[in-house]
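Atoms within a ligand are numbered from 1 in the order they appear, just like the ligands themselves. Counting from 1, the numbers follow the sequence of the chain as shown.
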Amino acid sequence: IATAGCNFNCKFCQNWEISQTKPDDNYNYALNPEQVVEMALQTNSRSIASTYVEPTIFAEYMIDIGILAKKRGILKVVHSNGYINAKPLDDLCASLGAACIDLKGFTEAYYRELTEGTLQPVLDTLVRLKQKGVHTELVTLLVPGRNDDMEQIRAMCHWIKTELSPDVPLHFSRFYPMYKLKSLPPTPVETLEAARAAALEEGLRYVYLGNVAGHAGEHTYCPQCGVVVIQRLGYQVKPVAFQDGRCTKCGQPIPGIWKQPEIT
Ligand code: SF4
């Protein structure tokens with residue numbers, strides 16, 4: 001679910017045609033929160049995601065959907081840039097099942113130059129999500145020559161490990177030329193692999209590669225015995241050594257949301 005608009009202007013935005021415009025300038029469906037939840041129930045959808053543009057710009061709508069969804073046992077999830085004040089974030093957390101937050105880089109200079117936003121509020125959001133106990137995953141788009149310095153990546157991973165948890169999943173995503181960065185090449189796969197190796201060395205336990213369908217970095221590995229517990233190919237997900245939130249080979253718990261919320 002999305003409207004149009006965003007509080008950032010990322011030079012690499014893949015959805016810039018809707019993120020950098022207004023709802024009035026787009027073709028829209030009119031759906032109130034009750035209709036959204038009803039549609040989810042009719043289609044046996046187990047979750048409702050706010051994504052594509054920046055959901056904080058329609059926070060009230062998202063919160064109302066989340067409150068209704070929670071009552072009906074549907075998980076409300078959000079993919080956000082994390083640039084949100086504490087009060088609306090607290091309101092959102094009350095009905096939020098899980099969050100995927102873009103940690104786009106790890107310097108203020110990168111944020112200012114590439115996104116027109118700032119880093120510190122995003123870090124504050126991540127700490128607050130942890131305090132609220134919301135399952136949170138991170139995505140870092142690696143843009144060639146801009147945020148792919150391995151020392152910077154290591155510093156970011158160290159911060160994640162010490163300020164959040166080594167169990168927070170981190171997804172390094174492959175950049176493809178678009179919007180205002182058409183002149184750059186796609187991220188070399190070797191760079192993504194080096195970033196993943198650095199993150200694992202820094203102590204993060206669930207590090208993934210995204211936008212590289214078929215790569216072994218898409219799978220979930222048991223941090224204890226190393227077996228592939230969940231296999232992925234693009235959007236296909238297959239548990240292979242995983243049951244009831246644990247590795248079936250060694251019994252190691254794998255953090256995540258594995259059960260549908262109860263109807264309240
Ligand atoms: S925050 Fe997301 S939606 Fe907004 S401009 Fe950046 S990439 Fe696009």
Side-chain angles (χ1 to χ4, degrees), residues 1-29 48-63 65 76-86 88-89 92 96 98-129 134 136-148 152-153 156 160 168-187 191-192 195 208-212 235:
I1 298 280
T3 65
C6 185
N7 52 8
F8 277 14
N9 180 8
C10 301
K11 290 185 168 58
F12 43 73
C13 183
Q14 62 180 5
N15 295 322
W16 62 272
E17 283 159 312
I18 50 173
S19 75
Q20 302 305 313
T21 185
K22 299 180 220 156
D24 291 350
D25 295 336
N26 276 273
Y27 180 75
N28 294 292
Y29 294 99
I48 298 171
S50 299
T51 177
Y52 297 117
V53 295
E54 177 42 47
T56 58
I57 61 153
F58 52 90
E60 296 85 355
Y61 182 52
M62 186 167 50
I63 290 166
I65 292 171
K76 179 74 184 70
V77 300
V78 61
H79 186 169
S80 166
N81 61 21
Y83 199 77
I84 182 171
N85 283 319
L89 179 60
L92 178 63
L96 192 62
C100 180
I101 305 292
D102 290 334
L103 183 51
K104 294 172 187 285
F106 204 59
T107 65
E108 291 290 354
Y110 178 82
Y111 262 78
R112 287 198 186 283
E113 189 198 340
L114 272 286
T115 76
E116 296 184 13
T118 52
L119 169 63
Q120 190 57 49
V122 180
L123 300 180
D124 294 344
T125 290
L126 293 175
V127 171
R128 206 162 183 93
L129 285 168
V134 176
T136 301
E137 309 212 358
L138 305 175
V139 176
T140 302
L141 180 81
L142 287 184
V143 182
R146 303 301 177 101
N147 65 347
D148 57 357
Q152 201 182 102
I153 288 170
M156 181 179 80
I160 295 168
V168 170
L170 171 62
H171 304 254
F172 289 112
S173 196
R174 190 180 197 194
F175 162 86
Y176 285 96
M178 60 181 64
Y179 192 37
K180 296 181 181 174
L181 292 182
K182 288 202 185 77
S183 59
L184 292 182
T187 321
T191 303
L192 293 156
Y208 299 88
L209 299 188
N211 278 349
V212 275
Y235 290 120

Report task. Within a distance under 4.0 Å of any heavy atom of Ser19, pick out the atoms of ligand 1 and give their elements. Result -> 3 (S), 5 (S), 8 (Fe)
Query raised in the report: Any non-hydrogen atom of Lys104 lying under 4.0 Å from ligand 1?
Result: yes
Query raised in the report: Rounded to the nearest 0.5 Å, how far does CG of Asn147 lie from CZ of Phe175?
Result: 10.0 Å
Requested in this report: Looking only at protein heavy atoms, identify the closest one to atom 8 (Fe) of ligand 1 and say how far it is in Å.
Outcome: Cys13 SG, 2.3 Å
Query raised in the report: Side chains of Asn81 and Tyr111: is there a donor and an acceptor less than 3.5 Å apart?
Result: no
**Report entry** Proximal ligand 1 atoms for Gln20, defined as those under 4.0 Å from one of its heavy atoms
**Finding:** 5 (S)
Report task. Please check if atom OH in Tyr52 has more than 12 non-hydrogen atoms from other residues, nucleotides or ligands closer than 6.0 Å. Result -> no
Query - Check ion pair Asp24-Lys22 (N to O, under 4.0 angstrom) - result: no
**Report entry** Atoms in ligand 1 with a heavy atom of Cys10 nearer than 4.0 Å
**Finding:** 1 (S), 5 (S), 6 (Fe), 7 (S)
Query raised in the report: What atoms of ligand 1 come closer than 4.0 angstrom to any heavy atom of Cys6?
Result: 1 (S), 3 (S), 4 (Fe), 5 (S)
Report summary line: Taken to the nearest 0.5 Å, the spacing of Asn9 CG from Thr115 OG1 works out to 8.5 Å
Requested in this report: Please could you name the atoms of ligand 1 that Asn81 approaches to less than 4.0 Å, counting only its heavy atoms?
Outcome: 1 (S)
Query raised in the report: Is the closest heavy-atom distance from Val53 to ligand 1 below 4.0 Å?
Result: yes
